[in-house]
Engineer: 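One structure is given below, represented as structure tokens, and several questions about it will come after.
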Amino acid sequence: MASDIKEKIADLKRQRKAVILAHNYQIGEVQDIADLTGDSLGLSMAASRTDAETIVFCGVRFMAETAAILSPDKTVLLPDETAGCPMADMINAEQLAKLKKKHPGALVVCYVNTTAEVKALSDCCCTSSNALELVRRLPADREIIFVPDRNLGQYIIDMTGRDMVLWPGYCITHERIMAEDVLKAKAEHPDALVIAHPECNSEVRACSDKLLSTGQMLKFAARSDRRSFIVVTEIGIIHSLRKACPDKEFVPVSQAAVCRNMKKITLEKVLWSLQDMKHQVTVPEDVRVRARRSLDRMLEVIPS
Ligand code: 13P
Ligand code: SF4
């Protein structure tokens with residue numbers, strides 16, 4: 001049955017001249033049928049460069065919107081139209097406009113986990129892969145507003161020494177991970193290295209060895225001479241890590257670290273999406289043009 005679905009997806013993909021992009025937090029089955037899996041930066045780059053006519057985005061809405069902003073001539077499909085990112089919805093354009101008024105002259109850096117309208121009001125966008133490098137490049141004499149993730153924002157402040165005005169947004173999935181979970185996993189796996197996502201809170205970050213985006217986790221684990229890792233992020237990445245490094249051990253820090261929105265995409269929904277060309281994600285042209293400027297700045301900073 002499943003292979004039948006996979007064959008149908010493959011057929012339709014050819015007919016629609018489609019490419020399937022999947023985030024590292026997607027369920028394993030979806031990752032396995034994707035043409036490319038990756039983190040927010042890698043998938044944005046792929047969306048901006050593809051010559052496919054249709055992009056099926058297996059992720060959450062802001063990711064599909066980013067693809068639509070970068071590739072306006074393509075049809076971008078989100079297989080479940082309700083797959084959103086609660087963090088991205090923690091700040092809207094009106095709230096950002098108010099904050100900007102309070103800090104005239106400040107540069108606005110928005111995390112890619114934002115709506116197109118918020119990107120359009122920002123000076124540059126970043127992902128967890130390039131946030132440090134991007135902030136380090138900003139003029140030293142300008143105030144910086146960073147939205148919406150207070151955890152990634154504080155991590156940037158700690159690492160760069162740049163003070164920033166933060167918005168109190170957070171990822172509800174990473175917030176479920178507690179320092180106690182990390183300490184327990186460390187006690188059970190004393191030889192393992194702790195790799196964590198910077199969306200985790202400060203107590204969790206403090207007891208981790210390395211803070212990395214999901215794409216950086218994959219590269220780091222492959223290059224490292226360590227054999228065992230405690231993985232402190234959404235559990236979908238475990239599939240990607242085990243596939244990339246079958247000879248290494250990856251211990252998920254908490255079974256509670258599940259992003260329900262990422263898990264809404266299934267093989268069936270990918271199939272229906274290609275059959276019905278649904279759900280198309282578009283961005284009004286005036287918003288798209290302004291949001292594109294922020295995203296172009298993000299794509300200029302490619303971490304090594
Ligand atoms: P990255 O894959 O870019 O590290 O992002 C994590 C995330 O929360 C996506 O929603
Ligand atoms: Fe949003 Fe967190 Fe889910 Fe990523 S993991 S999509 S930041 S809720």
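Counting begins at 1 with the first residue of the sequence. Atoms within each ligand, like the ligands themselves, are counted from 1 in listed order.
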Engineer: Could a heavy atom of Met87 be found less than 4.0 Å from some atom of ligand 1?
Structural biologist: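 Judged by the 4.0 Å heavy-atom criterion, Met87 does not count as contacting ligand 1.
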Engineer: Could you establish whether His23 and ligand 2 come within less than 4.0 Å of each other, counting only heavy atoms on the residue side?
Structural biologist: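 His23: no contact with ligand 2 (<4.0 Å).
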Engineer: Which atoms of ligand 1 sit under 4.0 Å from any heavy atom of Ser128?
Structural biologist: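 Here the atoms of ligand 1 in question are 1 (P), 3 (O), 4 (O).
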Engineer: Checking a contact table here: which protein heavy atom is nearest atom 8 (O) of ligand 1, and how many Å away?
Structural biologist: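 Among all protein heavy atoms, the one nearest atom 8 (O) of ligand 1 is Glu199 OE2, 2.9 Å.
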Engineer: Picking from Asn130, Thr127, Asp39, Thr233, what satisfies side chain to side chain donor-acceptor pair (under 3.5 Å) with Ser213?
Structural biologist: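 Single pass found, and it is Asp39.
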Engineer: Of the protein's non-hydrogen atoms, which lies at the shortest distance from atom 5 (O) of ligand 1, and what is that distance?
Structural biologist: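 Here the closest protein heavy atom is Ser40 OG, 3.5 Å.
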Engineer: What do you reckon, does His174 have a nitrogen or oxygen under 3.5 Å from a nitrogen or oxygen of ligand 1?
Structural biologist: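 Such a contact does not occur with ligand 1.
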Engineer: Between Lys13 and Asp35, is the closest basic N to carboxylate O distance under 4.0 Å?
Structural biologist: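 Result for this pair is yes, salt bridge flagged.
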Engineer: Enumerate the atoms of ligand 1 whose separation from the nearest heavy atom of Ser213 is less than 4.0 angstrom.
Structural biologist: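 Here the atoms of ligand 1 in question are 4 (O).
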Engineer: Any salt bridge between Glu234 and Lys263, counting N to O under 4.0 Å?
Structural biologist: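 A salt bridge is present here (some side-chain N lies under 4.0 Å from a carboxylate O).
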Engineer: To the nearest 0.1 Å, how far is atom 10 (O) of ligand 1 from its closest protein heavy atom, and which atom is that?
Structural biologist: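 The closest heavy atom on the protein side is Asn113 ND2, 3.4 Å.
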Engineer: Check ligand 1 against His197 and write out every atom of the ligand that is under 4.0 Å from a heavy-atom position of the residue.
Structural biologist: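 Atoms satisfying the 4.0 Å criterion: 1 (P), 4 (O), 5 (O), 6 (C).
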Engineer: Salt bridge or not for Lys98 and Glu94, using N-O below 4.0 Å?
Structural biologist: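 Glu94 and Lys98: not salt-bridged.
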Engineer: Strictly below 4.0 Å, N to O, side chains only: are Arg150 and Glu175 in salt-bridge contact?
Structural biologist: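 Looking at Arg150 and Glu175, the cut-off is met.
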Engineer: Please could you name the atoms of ligand 1 that Met63 approaches to less than 4.0 Å, counting only its heavy atoms?
Structural biologist: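 So the atoms of ligand 1 that pass are 9 (C), 10 (O).
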Engineer: Report, as a single number, the protein N, O or S atoms less than 2.8 Å from atom 1 (Fe) of ligand 2.
Structural biologist: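 Count of protein N, O, S atoms less than 2.8 Å from atom 1 (Fe) of ligand 2: 1.
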Engineer: Under 4.5 Å between side-chain heavy atoms, hopping through other hydrophobics if needed: is there a path connecting Val109 to Leu121?
Structural biologist: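 No, no single cluster joins them.
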Engineer: Salt bridge or not for Asp247 and Arg227, using N-O below 4.0 Å?
Structural biologist: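 Between Arg227 and Asp247 there is a salt bridge, with a charged N closer than 4.0 Å to a carboxylate O.
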Engineer: Is it the case that more than 12 heavy atoms not belonging to Asp51 sit under 6.0 Å from its CG atom?
Structural biologist: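 No.
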